[in-house]
Each structure stands twice: as C-alpha cells, then as structure tokens.
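One structure below.
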Amino acid sequence: MPQIGSYALLLALALSGYSFVAGLIALLHDGSERLGETARRAGIATFAAVVLAAVVLVTAAFSDDFSIAYIFHHSNRDLPAPYKFATLWSGQEGSLLFWSLLLASYGLVLRLRHKTDSRLFAHASVIIAAVQVFFLLLLNFAAHPFAIMQGSLPSDGNGLNPLLQYPEMVIHPPMLYLGYVGFTVPFAFALGALIMRYPGEKWIHITRRWTMVTWGFLTCGVFLGAHWAYSVLGWGGYWGWDPVENASLMPWLTGTAFLHSVMMQEKRGMLKVWNMWLIFATFLLSIFGTFLTRSGVVSSVHAFAQSSIGDWFVAFLALTFVVCLVSFIKNRSHLSSEHKLESLVSRESSFLFNNLLLLVACFTVLWGTLFPVLSEWVQGTKVTVGAPFFNRVNVPVALLLLLLTAVGPLLAWRKTSLESLKRNFLWPAIGSLATVVLLIALGLRPWKDSSYLYSLMTIALSVLVALTVISEFIRGGRVISRHTRQNLFASMVHLAHRNTRRYGGYIVHFGVIVIMIGFAGAAFNQDKEQEMGYGDRMALGGYTLVCRSYTQEYKPNYASEWAIIDVFKGGRQIDTLYPERRFYNASQQTSTIVANRSTFKEDLYLVYEGLNQETGRPIIKVHLNPLVMWIWVGVWIMICGTVIALIPNAVPVRVPAPVRVQAAPVGAGD
Amino acid sequence: MILFICALFTVAVLFYVFYMPGELLIAPEKTRVAYLRERKDVVYENLRDLNFEYKAGKLPEVDYQSMKASLEEEAASVLAEISRLERITASSPPAERKGMRV
C-alpha cells in the first residue's frame, strides 16, 4: 500500500509540473489550444492522483499499518474511527497532503468551469499548478507521508495527540485549511488578471466570490479553533493570542479588508492597486500561517507538527513575493484609478478607514507573533509578548471598526451631506446612549477599570450597529412595500432577495456585534480554585457547587477519572456537572475534558485539575464566564449572512431610466 | 499487484490527458463587446443602487441628480461603443468576420 501512495504522489508532481509548464507555453504562444487543453486536463488528473494518495493514507490508518512511520506516530489500534480519519491532518506530512488535496479540489472546480472565461481561467490554472508543484515537491522530498519504519514492525502506534481527540478536531482543521488553501484561488485570478491585463470587470466578481467562500470557511475554522481551545485546554478562555491562532487571524483580517475595499473597485473603479496587494498579502499570509504552524519557528500549544521544512516555505514565500512584485511593476499602468476620493463623509472613505484599521490590527498581530523570533535575532534572547500587548492595540481598533460598521451603511457613495447623516443617525445614536445609561443604572461602573469601560463601549457600539442595520432593513423594506403593497416584513425578505450581497453583509455585521458582545463579557470573568473532597462546597457568583463523588472508567483508548459536582442556585439544585481527566494509554499523556453549563447569561465552566501532590486531594477549578454563548451564536449568524451574500440576486438588473446615447468610446475598465 | 495498479492508473491518466480525437471544442475568447456588456451591467447595477438609496432617503436631491447624470453618461458611452463595434461586425464580409475579435 505505501508504494501506491508514494507513486501517486510522484505522478501528481509530474502532472502538476506538466500542467504548469504546458499551460505556460500555451499562454505564451497563440494557437497552442491543444497544448493548453492537455495542461488543463493534467491539472484535473493531478486531483485524481492526490486523492489516491490521501485514500491510501486513510486506509493505512484504518488498517493499522504501522509500517508507515506517519501512521505509527499519529494513530494506534484503539483510536476511535473518526480520529483515525482525522489522522490525515494530524501531523506534518499528512496535513501537507491534505493541503495539496484541497488545492487539487479547488483546482478541479476551477478547471471544470473554464468555459466561463477560458483565457482568465487558463492563467489562474497555471498559477494554481505552480502552487501545487511546491506542495508536491515538499511531500515527495521533504515531508514524505509514506516513509517506511526502519527495523522490526511495532505492534501498536504512538496514538494521536490527546488534545486532538475531541470531536471538533474532526471538522476544525478541514475548515481552517479550506480557508487557507482557498485563498490560492482569488490570488490566482488576481495575479492572472494582472499578468494578462484583463480588460473587463469579470475577474473582480470572480475573485470577490471566491474570497467570500474562502473567508466563510476561514471564519468557521477560526471560531471552531476557539471553541476547541475553550473546551479542551481548560484555562477558561477561547483566545490566547497564541502564534498559531494569530496565523489564522492575519489572512482573515486582510481578507475582510479586501471584501470591503473591493466594493470601491466595483462601484467606482478605485483602489485597484490596493485591492491587488490585499489579495497578494492574504495569500502570502495564508502560506505564512502554514509555515508558522509547521516549521516550529515559534512555540505554540497548537503547533502539533514541527520540523525543518521552514526553509522551503521561506523560499516559496520569497519567490511568490518577487513574482507578485515584478508582475505589478510591469502592469501597474493597468491598475490606474478611475475616480478620486471626493469627500471624507462618503462610503468610500468609510471603507478606506475600515481597511486601514484592519491592516493596523493585522500588523500588530504580525509584529507580536514574530517579536520572539526578531528579539532572538537582535538581542540573542527570546522575548515573548502576551495578551496585554495585543489587547492594547486591537481592542481600540475593534471599537473604531464597530463605529465604522455603524456609520458606513448610512453613507452614500461619493459624498453624504451632514444633514442626511444626522437624519439617519439620530435614532440609532439615541438608542446607543440609552443603552449606556441603562447599563450604568444596572451597576456597570466604567470609571473603575479600563476593561469595564471597553466593555461598556463595545455594548453601546454594538447596539448602535444593530440599530443602523435594522433601520437599513426598515428603510429599504418601506421602499419595496410602497411598490408591492406587501407588509413590511415580507418586503424586507424581498429586499434581501433583491440584493443578497448587501443584506447578507448586514447580517454578517449583525453576527459580528453579537460576537463582540460575547467578547465584552470577558471583563466580568471570575474564577476560583479549591480542593474538593466528598461533600465539600465551593461558592462563586451565586452558584454553590457540592462535590458528590469521584469515579473512574477504563476504556480501550484511555482511562478516565471524573468528579460528580452538584450545582445549586438559590438553594435549589439546577444541574450536575462531570469535569473529567483522561490518561491516554498509547501516548502516555493526560488531558482534561471541561464540564460546561452554558446559558446566554454565563458559562459555569468546571475543570478537574488532578490531585494536589502534597495533600492527595482532588482540585477543582471553576470559571464563571459571562456571555460566552453569544460568541458561538454570533458565528452562526455570520455564517448565515455569508451564505445569503453568496446567493445570486433574485431580481435581474433592470434599466432604471432611459439613457442618452452619445458617440464616445469608453475604456471599459481598461 | 502493486505494479499493475500503478501502471493501470498511469495509463488511465495519460489517456485522459492526451487523447483528444477530432476537433477540439474550445470556448471562444471574449470579445471587446463582451467586456463592454459586462461594464454596462455594472453601470446599470450602480444606477439601480443609486435609485434605491435615493428612494430610501439616503441621498439629497442635488447629489442624486449629479450622480445619476454621471452614471448615465457612462452608460451612454458604453452603449455607443457597443453599437459602433456591432455595426462594424455586421458590415464586414462573413469571411473577414470569422477571424475578427471585436
């Protein structure tokens, strides 16, 4: 079996190499349609070869073929079936194969849809083939997933890292990778359009749609990772500014910036250079994220695979940057702006500020992530920056972004009179101020601590955004209602169908504010740790916890020990929680499984920390985390909004008014 | 067995990549008219959005009229260019038209 996998990888490399070279020659020479077609087909065949390699690896995991070193290191006989499947992306070599598989899948979709615009798609196909060649070179020569074990065959494997043995780990990496890998597609279209000096508008629509799909996957991946960290790591938080978390956040930030600024290019022919570089940066940051996760250059709780493939990634990043730069310098005249910024109070300026803020956030995250590496180079000692550094910059940036999210939709293209801004902004602003008064009346004291102040501002600005989004729906719904005589709600649904992108986008904004309210709750987190024997009690924030007993269970894959804790509130028992510790036999490692009672108001989060070494008594840590559930609900709303934004408009574009025909040629975007 | 599977897979892949009997069906390359039509759709969509925002009360009359005039002007230019190119195509002899990309 491993021989078939190895051969499939070699064949995939040959096919993608052919797809790249033949595709390039066909693009350079007119009349090479047959050669171009073979290049396209070779790209499709690459998919088949990579699928074969992946199937071989998964089959090896299910058949406990420990002659393959990768299977020996990342699986064991008693590993449950879903985690055996997840072995594919649990280690270095497998995850690179998974990268390659997803890229081949995206490439397959793109190559099958080549008739949409054959020349643009041919350019994009060649660029994707080039990226594929890099990953297949890695797989064949630096991180081979089918390397054979030396010496006598082991009877069992080392097992999967216990931290990865959690249901979300079966879907979190695929989502994240769909996001990372997916950014190759908009990158390929953007670079292809630049190289061929694409004369129309189509490429920007294609790039935007692919970016939105990819961004949606990355959003899911990032938040699934946060949820996994919250449920498994047992420190009571969901985001620790860990380098690998940061690696996923950076392309998300630049991708978000692009999804906003691309509207300026579509509507006003502005920011073409900026958008091109945003897409380049997003792709480079995706590769950089994979490099951070895989190279071991930074230490992280998430970096499950470390090796010396860093040099390969550095070379690839440098080469890609040079290709982007040369293509840009050669074709920059194609990207000249058609209009200029006319007013600071306009939709254009709000997008511009939004982009600047997102890039400030991205740069801060990049700087903080690389600071340990840079400080070691310069000073010889590794200086790590923690959450306070990231929060000091990113919390104010997030608040400003919330403000722009509220104001932006109320602004018109080109310019907005202060009069109309005042008229549209008045009621949302009053609602937001009323929220501030209400929260202070309820006991929030922003002057006591900066985290309380930020929390208050976050909630007030979130209310402001919510009210502007609602007012946008109502205002638009009324226009539809006047014409169709439908009721307001039906009109708002009709409105969303007419312009899915805009109103889907507003729903995404609504999801963002729900998440932000969840984040704001962190200012009021409480925790307590205590040794708890049978019948011992612990009180926190209105809850009383009583330890009923401890129990143990032995399963083939692990031995577990858990506490049985009764939860009382107001003198009445409301729940029983079971915080757990597991000891995995194959890897000889321990992990915690958190017990969490989650409500919209707060999470009661229990961790069984093990035995006190001195007293021999079990330690229970309890966290009371307000509003955390809002984060997960907000993510679902964001996903719904993204899906709606991707649905084509229900009503076709119609000419709103007759136009005067004049005999004047137009550049049509060129 | 392993050798047979690898050989079979390779033959199947090579057959798929290189076997193209008969004339190749290739999508025609886009013409300048096609690009202009795309541009026209974008301008029309912008006009539709502008009308909607005006009706929703987000724009004062003066701004609306000036923006509408500018977009209409652009639409008119694009339409004029499309009809000019279509006239050229229609007036050229069929043999010449076949090799022409406008």
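In what follows, chains are A, B, ... by sequence order, proteins preceding strands, each numbered from 1.
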Subject >> Contact leader toward chain B among A/R478, A/H205, A/K267, where contacts are heavy-atom pairs under 4.5 Å >> reply: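 Going by pairs under 4.5 Å, I would pick A/K267.
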Subject >> Closest-packed option against chain B by number of heavy-atom pairs under 4.5 Å, given A/L120, A/T416, A/L411, A/L52 >> reply: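 Greatest number of close heavy-atom pairs with chain B: A/L52.
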Subject >> Lys/Arg-Asp/Glu bridge criterion (N-O < 4.0 Å) met for B/E53, A/R502 >> reply: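 Yes, charged N to carboxylate O under 4.0 Å.
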By a 4.5 Å heavy-atom criterion (distance strictly below it), what part of [X] contacts chain B: side chain, backbone, both, or neither?
| X | value |
| --- | --- |
| A/P2 | neither |
| A/A49 | both |
| A/L495 | side chain |

**OP:** Can you sort out the partners of B/Y16 under ring pair (Phe, Tyr, Trp, His ring centres under 6.0 Å), two or more places apart, ordered by chain and number?
**Re:**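 Applying ring pair (Phe, Tyr, Trp, His ring centres under 6.0 Å) to B/Y16 gives none.
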Nearest atoms (heavy-atom pairs only) where [X] meets [Y]:
| X | Y | result |
| --- | --- | --- |
| A/R498 | B/R48 | O-NH2, 3.7 Å |
| A/P199 | B/Y35 | CG-CE1, 3.2 Å |
| B/V42 | A/E266 | CG1-O, 3.5 Å |

Subject >> B/Y19 OH to A/T38 OG1 distance, which is reported to the nearest 0.5 Å >> reply: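 The OH atom of B/Y19 sits 16.0 Å away from the OG1 atom of A/T38.
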**OP:** With rounding to the nearest 0.5 Å, note down the distance linking CZ in A/R268 to CG in B/N46.
**Re:**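 Separation between the atoms: 9.0 Å.
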Original post:
What part of B/Y64 gets closer than 4.5 Å to chain A, counting heavy atoms only: side chain, backbone, both or neither?
Top reply: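 Looking at B/Y64, nothing touches chain A.
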Subject >> B/F9/A/Y7 aromatic ring centres below 6.0 Å >> reply: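 No: the rings miss the under 6.0 Å criterion.
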Subject >> Between B/I2, B/L14, B/L3, the one whose heavy-atom pairs under 4.5 Å with chain A are most numerous >> reply: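 Counting heavy-atom pairs under 4.5 Å, the top option is B/I2.
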Subject >> Top of B/D49, B/I82, B/V43 for chain A proximity - count of heavy-atom pairs under 4.5 angstrom >> reply: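 Most heavy-atom pairs within the cutoff with chain A belong to B/D49.
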Original post:
Within the side chain of A/R34, is there an N or O that forms a donor-acceptor pair under 3.5 Å with the backbone of B/M20?
Top reply: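 The answer is yes, because a donor-acceptor pair under 3.5 Å joins these two groups.
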Original post:
Around atom CZ of A/R423, are there more than 12 heavy atoms of other residues, nucleotides or ligands at under 6.0 Å?
Top reply: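 Count over threshold, so yes.
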